[in-house]
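Throughout, a chain's letter reflects where its sequence line sits, starting with A, and its residues are numbered from 1.
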Amino acid sequence: MKYDFAAIEKKWQDRWEEVKPYAAITGDPRPKFYGLIEFPYPSAAGLHVGHPRPFTAIDIVTRKKRMDGYNVIFPIGYDAFGLPTENYAIKNHIHPSIVTRDNIANFTRQLKMLGYGFDWDRCVDTTDPQYYKWTQWIFLQMFKKGLAYKTTMPINWCTSCKCGLANEEVVEGVCERCGSEVVRREKSQWMLAITKYADRLIDDLDDLDYIERVKVQQKNWIGRSTGCELNFKTNTDDEVTVYTTRADTLFGVTYMVISPEHPLLEKWQNRIENWDEVQAYKEAAARKSDFERGELNKEKTGVRLQGIEVCNPANGMQVPMFVSDYVLMGYGTGIVMGVPGHDQRDWEFATKFGLPIVEVVSGGDISKEAFVSKDDNAIMVNSGFLNGMSVKEAIPAMKDYVIRQGWGKEKTNYKLRDWVFTRQRYWGEPIPLVDCPKCGWVPIPESKLPLVLPQVESYEPTDDGESPLSKMTDWVNTTCPCCGGPAKRETDTMPNWAGSCWYYLRYMDPHNDSCAVSKEAEAYWGPVDWYNGGMEHTTLHLLYSRFWHKFLYDIGVVHTKEPYAKRTSHGMILGRNPHYVGNVETEEEKQALIEKYGSQALRPSVKMSKSLGNVVNPDDVISAYGADTMRVYIMFIGDFEKTATWSDEAVKGSKRFLDRCWNLMDLVQDEAGVSAKNESLIHKTIKKVGEDIENLKMNTAIAALMTLVNEFYANGLSRGDMEYLLLLLSPFAPHIAEEMWEQMGFAAKHGKMAMQMSWPAYDEAKTVDAVREMAVQVNGKLRATILVPNDADDETVVSAACADEKVKRQMEGMQLVKTIVVKNKLINLILKPQN
RNA sequence: GCCGGUGUGGUGGAAUGGUAGACACCAGGGACUUAAAAUCCCUUGGGAGCAAUCCCGUACCGGUUCGAGUCCGGUCACCGGCACCA
């Protein structure tokens, strides 16, 4: 009988739907295991082939954990608020809630077709009022603790989405989502004070089992640096304060620079003799986008503040002050001390404006460029009491001195900014606050949650930067929950990152209508044991949700400091590049491609996109080869952490493997036990596959299964051998494994599905062969292999090696000076010519 | 520029400092078939040789070691992140 994957997969999916073998039981006495994948955004395009990679991997991990006796929770849901749905709705004149409902139905169909062991009864949808009720509740708790605050500030405004963006959502000066230009725009915004958690977000990483690159990226993003704030007297009534990590270079300060946005400039308007010029510079800077301002290699610009002078306390020198847009208002104090000898930016500025450059650390040539020493043994010069010290000594010495003199204090700074938490769009969680002329911002009583998103006529974004909700006057005009007087609702909504900050908690207790998650459920399931997701979420979702979790910890909602004990990350699935130069033969054709597509033409693989026509639809793969083939292929494609290129050709190899498994049923000998011929390899394979699953090395686990099947073809196999193969295959290809398990009569024999069996144990002794092949090297070069008994002693193997014909030939006229034996592996004979 | 990562056959990729290329894809050959597909078996890093066998080979240069794809120093290329963060 042929392997009819379509019928088999349908049959078992229906069975699982009925008997619910994936139901997670809160409070069960077995040890718990919480495996989590990032819940998908249900786009209109449906599932991408990239989705099954992490989903299948954690599905395999959790299937093995079930077989290991764990009470597993492996949940799924939808992160469904967001701009693409809203834009699609506008374009097609369908309400976003309908679009969302249809997209979720399509995703659900596709995910069920892949046979994942999700507990569908725990499915959540962030746009469900019963879900976002608790998103709103958490926001209100933050508001009550002062972590949510409203402020007017320049924000990143996407000109196409007509919406504000968080810093994390701006990539190379353009909108992360649509690629359009981002400009700065003054707007009143709700902010979340994530910076208050900056230290904990860095320090607590140390105890987590996250892959190193995630930790590094989060640390760099938070960007903690320690240094000093220094106060400088001026010839006005005001002191100015700068932040520096190199107080030791204070003697090298030859000027000061202030950011164009700094409020002191306005205050000094009457003191600044060339105010017109300064004001023109301020206006020019304001017109530039952040991207233009941030462009590197750009020549430094600035204007000297005539009439303003600053005193360097270290040497009493009066130095000039400039305004320049290379100083950022958002970091430090918005004023920096210029040390052109030892900071390249300052050097460029000083060179352009003819300012003195003083060397205070020896070792470089400051006439050519700033000397920014990585060597902290470099010696201080021209620096008063620091002269002769190394940089390493001078940093703490100067810090102590500055503090004693009262010139400044120690200070820690972060690159991380508070999180801009409002969006001027319709399809998001309403912010449950009311603005009362008498009482200010007042939260809606918790008993009135959820504050449901109202039905509106038009949810198109507005050019004036107001949310579509602002047009709904009956909804906007309300009464103050505090004084009962007339008041207005907040019309901005939350960003799409809000709902995903805490969804892993809701899975623990998804139907609770009295709290976000019950204490009992959280105490039982928390924290998530293994969370896999994309690197692109490292500084967005992953950081945000750690922040929310820490807040929930502080208010006693959760019992762990961190939400996720372990974090791994998968590489992207790319498509073939249709414009790759390697696709064509002649030089002319190659040149034509390079001219037309530039550096794009040099890459064999690129992100899948409709315009390139290299998109692979999982539906097509499943209907052609079946879900089990899809699962096996996407795991076999390569190292899980690295990017991989989809290959239609290679999929066939995975299908062929499953066909070969299936056809083994015709070969199987009616013998219950494990056959002697296969026993050792079976034990090796159990060990290898089990360890590989734990380490996310699914590609080599599948290779080991292929080797086992190949060996069965060579040796024949017993029913007992088959039983083991099916147990090992079951996490990878659950449908075919169950069908074969049933057809072979194992289901009847054990009264269980394969997935419900225990993961087989291996006997270490049986993974070892009685006879070993050992390599024989002569002077480090492989010359022969010999067969010796397992664990044979050194003497035995050396004499066996020397008896080998090929080795004998090498030894002619030579004398043996040394032997190196690596037990059961190799013998290295060191020879030298006789005499 | 800074931080992190990668570089292995025609291709995807394997290799706790110990037999480089497991397992696949592609290609070639054979069996079965009227034929094709499917299936099964064999060959498949490069070079020399009838052969036994030998030489070369993990981006490049050097080092440590009995032994290096793996460790160390340097160079180049590519990928990801950050980027005037003082």
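Backbone-only contact: A:Asn220 has heavy atoms under 4.0 Å from sugar-phosphate atoms and none from a base. A:Thr538 comes within 4.0 angstrom of nothing in the nucleic acid, heavy atoms only. Nucleic acid contact class of A:Asn710 (heavy atoms, under 4.0 Å, all strands): sugar-phosphate only. Using a 4.0 Å heavy-atom cutoff across all strands shown, A:Thr785 reaches at least one base atom of the nucleic acid. Residue-level contact check: A:Val257 touches neither bases nor backbone, having no heavy atom under 4.0 Å from any strand. Using a 4.0 Å heavy-atom distance criterion, A:Gly332 is classed as making no nucleic acid contact. When heavy atoms are screened at a 4.0 angstrom cut-off, A:Thr643 is found touching the sugar-phosphate backbone but no base atom. Heavy atoms of A:Asn699 sit under 4.0 angstrom from primed sugar atoms or phosphate atoms, though from no base atom. Across all strands, A:Leu328 comes closer than 4.0 Å to base atoms (heavy-atom distances). At the heavy-atom level, A:Arg224 lies nowhere under 4.0 Å from the strands shown. A:Ile820 comes within contact range of at least one nucleobase, with a heavy-atom separation under 4.0 Å. A:Val216 comes within contact range of the sugar-phosphate backbone alone, with a heavy-atom separation under 4.0 Å but no base atom that close. Residue A:Glu773 is classed as a base contact, given a heavy-atom separation below 4.0 Å to a base.
Side-chain contact of A:Glu261 with A:Ser259: a donor-acceptor pair under 3.5 Å is present, judged by distance alone. Between the side chains of A:Asp418 and A:Thr195, a donor-acceptor pair is found at a separation under 3.5 Å.
Formation of a donor-acceptor pair under 3.5 Å by the A:Tyr255 side chain with backbone atoms of A:Asp346 is found in this model.
Of the P atoms belonging to B:A36 and B:A31, the separation is 11 Å, rounded to the nearest Å. For the P atoms, the distance linking B:U39 with B:G5 amounts to 43 Å, nearest Å. Only the P atoms considered, B:A14 is 14 Å distant from B:C23, to the nearest whole Å. Taking the P atoms as reference points, B:G17 lies 11 Å from B:C72, given to the whole Å. Separation of the P atoms belonging to B:U11 and B:A22 is 15 Å when rounded to the nearest angstrom. A distance of about 15 Å separates the P atoms of B:G67 and B:U19, rounded to the whole Å. Across B:G9 and B:C61, the matching C1' atoms stand 24 Å from one another, rounded to whole Å. Across the P atoms, B:A20 and B:C56 are found 13 Å apart, a figure rounded to whole Å.
Nucleotide B:C78: paired with B:G5 (Watson-Crick or G-U wobble, both distances less than 3.5 Å). Base pairing of B:G73: its partner is B:C61, meeting the Watson-Crick or G-U wobble criterion (both donor-acceptor distances under 3.5 Å). B:U19 makes up no base pair with any nucleotide shown, lacking Watson-Crick or G-U wobble contacts both under 3.5 Å. A 3.5 Å limit on both hydrogen-bonding distances identifies no Watson-Crick or G-U partner for B:U34. Within the shown strands, B:G47 is the pairing partner of B:C54 under the Watson-Crick or G-U definition, both distances less than 3.5 Å.
Comparing B:C84, B:C79, B:C23 against the side chain of A:Phe636 picks out B:C23 as the nearest. Considering only the side chain of A:Leu826, B:U19 comes nearest among B:U19, B:C23, B:C84.
Spacing between atom CZ of A:Arg660 and atom P of B:U39 amounts to 9 Å, rounded to whole angstrom units. As a whole-Å value, the separation of A:Asn663 CG from B:C32 C1' is 15 Å. Taking atom CD on A:Gln777 and atom P on B:A68, their separation rounds to 9 Å, with Å as the unit. Between A:Phe657 atom CZ and B:C25 atom C1' there is a gap of 16 Å when expressed in whole angstrom units. In this structure, A:Lys818 places its NZ atom 5 Å from P of B:C66, rounding to the nearest Å. Between the CE atom of A:Met706 and the C1' atom of B:G12 there is a distance of 12 Å, given to the nearest Å. Computed from coordinates, the A:Lys781 NZ to B:G18 C1' distance equals 15 Å when rounded to whole Å. What separates NZ of A:Lys415 from P of B:C82 is a distance of 11 Å, to the nearest Å.
Open room surrounds NZ on A:Lys607; 12 or fewer heavy atoms of other groups in view lie less than 6.0 Å from it. Heavy atoms of other residues, nucleotides or ligands lying less than 6.0 angstrom from NZ of A:Lys697 number 12 at most.
Between A:Thr685 and A:Ala704, the shortest heavy-atom contact is CG2-O, 4.0 Å. Counting all heavy atoms, side chain and backbone alike, A:Arg567 lies closest to A:Asn532 at NH1-C, 4.1 Å.
Judged by distance alone with a 3.5 Å cut-off, a donor-acceptor contact links the side chain of A:Lys300 to the base of B:C84.
With contacts defined as side-chain heavy-atom distances shorter than 4.5 Å, the pair A:Tyr762/A:Thr767 qualifies.
Applying the 90° cutoff around 0 to the glycosidic angle, B:G9 is assigned syn.
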